[in-house]
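Single-structure report; data block below.
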2 protein chains.
Amino acid sequence: MDSARPAPQLPLRERKKLRTRQALVDSALVLFTERGFDGVTLDELCDTVEVSKRTFFRTFTSKEDVACAPLHDLWTAFLEELEQARPQGGPLHELLRDVLLGTLDRMPGEEWAHRVLLSRRLAARNPSMDAHGLAFCDRTGRAALDIVVRRFELGGVPDDPDHLRARLAVDLLVAAWHRGLDSWTTGAPAPERAALAAAFRRASAAAPESLALTARTGPA
Amino acid sequence: MDSARPAPQLPLRERKKLRTRQALVDSALVLFTERGFDGVTLDELCDTVEVSKRTFFRTFTSKEDVACAPLHDLWTAFLEELEQARPQGGPLHELLRDVLLGTLDRMPGEEWAHRVLLSRRLAARNPSMDAHGLAFCDRTGRAALDIVVRRFELGGVPDDPDHLRARLAVDLLVAAWHRGLDSWTTGAPAPERAALAAAFRRASAAAPESLALTARTGPA
DNA sequence: AGCCATAGTGCCACTCAGTGGCAGAAGCCA
DNA sequence: TGGCTTCTGCCACTGAGTGGCACTATGGCT
């Protein structure tokens, strides 16, 4: 596999597992892109990678899951970095933004970005993939909130107003991320990772502005 | 059915259809609550309501769909009201909030609220239901943006910065709604519709505050 | 080197969500 | 009443996802 980062010598068993996983993701993205998500059965995918369906389901939770893997990897890494982050006293939403930008920067690079691109284009055409991705982000949001609450804020009283505020800050991060993804996925010009980071930064900056936006009376 | 609002004499066929739909929703919520979402097969549900599975799938798109119907109804009504809304020149996010509050106010009442409660509790325990609800909200968000753009804002250039701001305003609305739902669903005290409205209002008000929230260095 | 204990794999049969097709039963409009 | 349309029921079928069990490879231990 092109992205088989050996990693500091994991046990052989683990490496094999990772290689199978990556092969499944790559093949899935290619096949789904060629013939559509519904146009490919799991049996076909498994045949291609020469793995039994049983094994597939030990690695991924569902057919959607394998195609969402690139984003999955990003958010998992994000949570790890958030766990390490040291706030400098700035606004929480800026901290979250910077942690995500940092995580993005440390992603495998352009092949990863390419996989994300394929994954998003697929999701745009397939409701169940879209739903899966959304649900995953939501779960990650909850996990992120737990970390934020534990490390940066109040002890954990769930009806503390700051708890709600922190949750909304996380929601805003996720929303900005999705808007960044949207414009990056749609706008063909620059499918590089840097362009994605820029799009996200732009969306993130627009969040405070959106509150000031006035509803003008339209012509109708 | 308890909520069979006759409506200004629809054709008999339509009324029958609505009654069947409502029966399916009610039975589904009861059965799923009793025995879990996965503990009830569609065949069982259909037997209970005395409807063929084929008919079920003409009314709902999936097993998840039937259990998410209460929220579905709310957002559909929301879009209709948004289409009629006349902005008074205030911030967009306040307009959106007020339209949603108005829609909520016009919902069938406490039986509806009760169904929402069951639906949310179910979703909290079942990932695929949760995903379905999230995806639906996302699609509604897009539809709402279309209306907003068409009626209140720019002509529709998708890279106008106001377009992005409007989108984020919608995202914020959805996020606040979910937070409101969360606290309402969890907090047992007041399962009435008014309490839900209050929870949403609270979450909505917390949105601007969340931007100001500072990340303090925790004890770790 | 040799040898278990364990984890991962393949295979098989099974359940159940979701779909397509067709025949029959309403509801609808004269 | 009769014909037209639309909805419904039934049946067979695909494909996702699961459970069970036997088999093999890995890693640790002596």
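Only a predicted model underlies this, so the values are computations on that prediction, with no experimental measurement involved. Here is the naming used below: chain letters follow the sequence lines, and residue numbers restart at 1 for every chain.
For B/Asp98, the salt bridge (Lys or Arg N to Asp or Glu O under 4.0 Å) test picks out no residue, with sequence neighbours left out. For A/Glu110, there are no salt bridge (Lys or Arg N to Asp or Glu O under 4.0 Å) partners, not counting sequence neighbours. The salt bridge (Lys or Arg N to Asp or Glu O under 4.0 Å) check on B/Arg54 picks up nothing, with sequence neighbours excluded. With sequence neighbours excluded, no residue forms a side-chain hydrogen bond (donor to acceptor under 3.5 Å, both in side chains) with B/Asp130. Residues forming a side-chain contact (heavy atoms from CB on, under 4.5 Å) with B/Ala206 (at least two apart in sequence, or on another chain): A/Leu164, A/Arg165, A/Leu168, B/Glu209. Applying the salt bridge (Lys or Arg N to Asp or Glu O under 4.0 Å) criterion to B/Glu81, with sequence neighbours excluded, gives B/Arg106. With sequence neighbours excluded, no residue forms a ring-ring contact (aromatic ring centres under 6.0 Å, His included) with B/His178.
We find that CZ of A/Arg15 is positioned 17 Å from P of D/dA25, with the value rounded to whole Å. Protein atom CZ of A/Arg19 is 12 Å distant from nucleotide atom P of C/dT9, rounded to whole Å. Whole-Å rounding puts the A/Leu18 CG to C/dA7 P distance at 18 Å. Here D/dC7 presents its C1' atom at 15 Å from CG of B/Leu24, a figure rounded to the nearest Å.
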Per-nt protein contacts along nucleotides 15-23 of chain D (heavy atom under 4.0 Å; B base, S backbone sugar-phosphate only, - none) come out as SBBBBB---

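Here A/Lys17 reaches the OP1 or OP2 of C/dG8: one of its side-chain N or O atoms lies under 4.0 Å away. Between A/Thr55 and the phosphate of C/dG10, there is a side-chain N or O to OP1/OP2 separation shorter than 4.0 Å.
A/Phe200 contributes atom CZ, which lies 7.5 Å from atom CH2 of A/Trp177 (distance to the nearest 0.5 angstrom).
Contacts between residues 122-139 of chain A and DNA chain C, defined by a heavy-atom separation under 4.0 Å, are absent.
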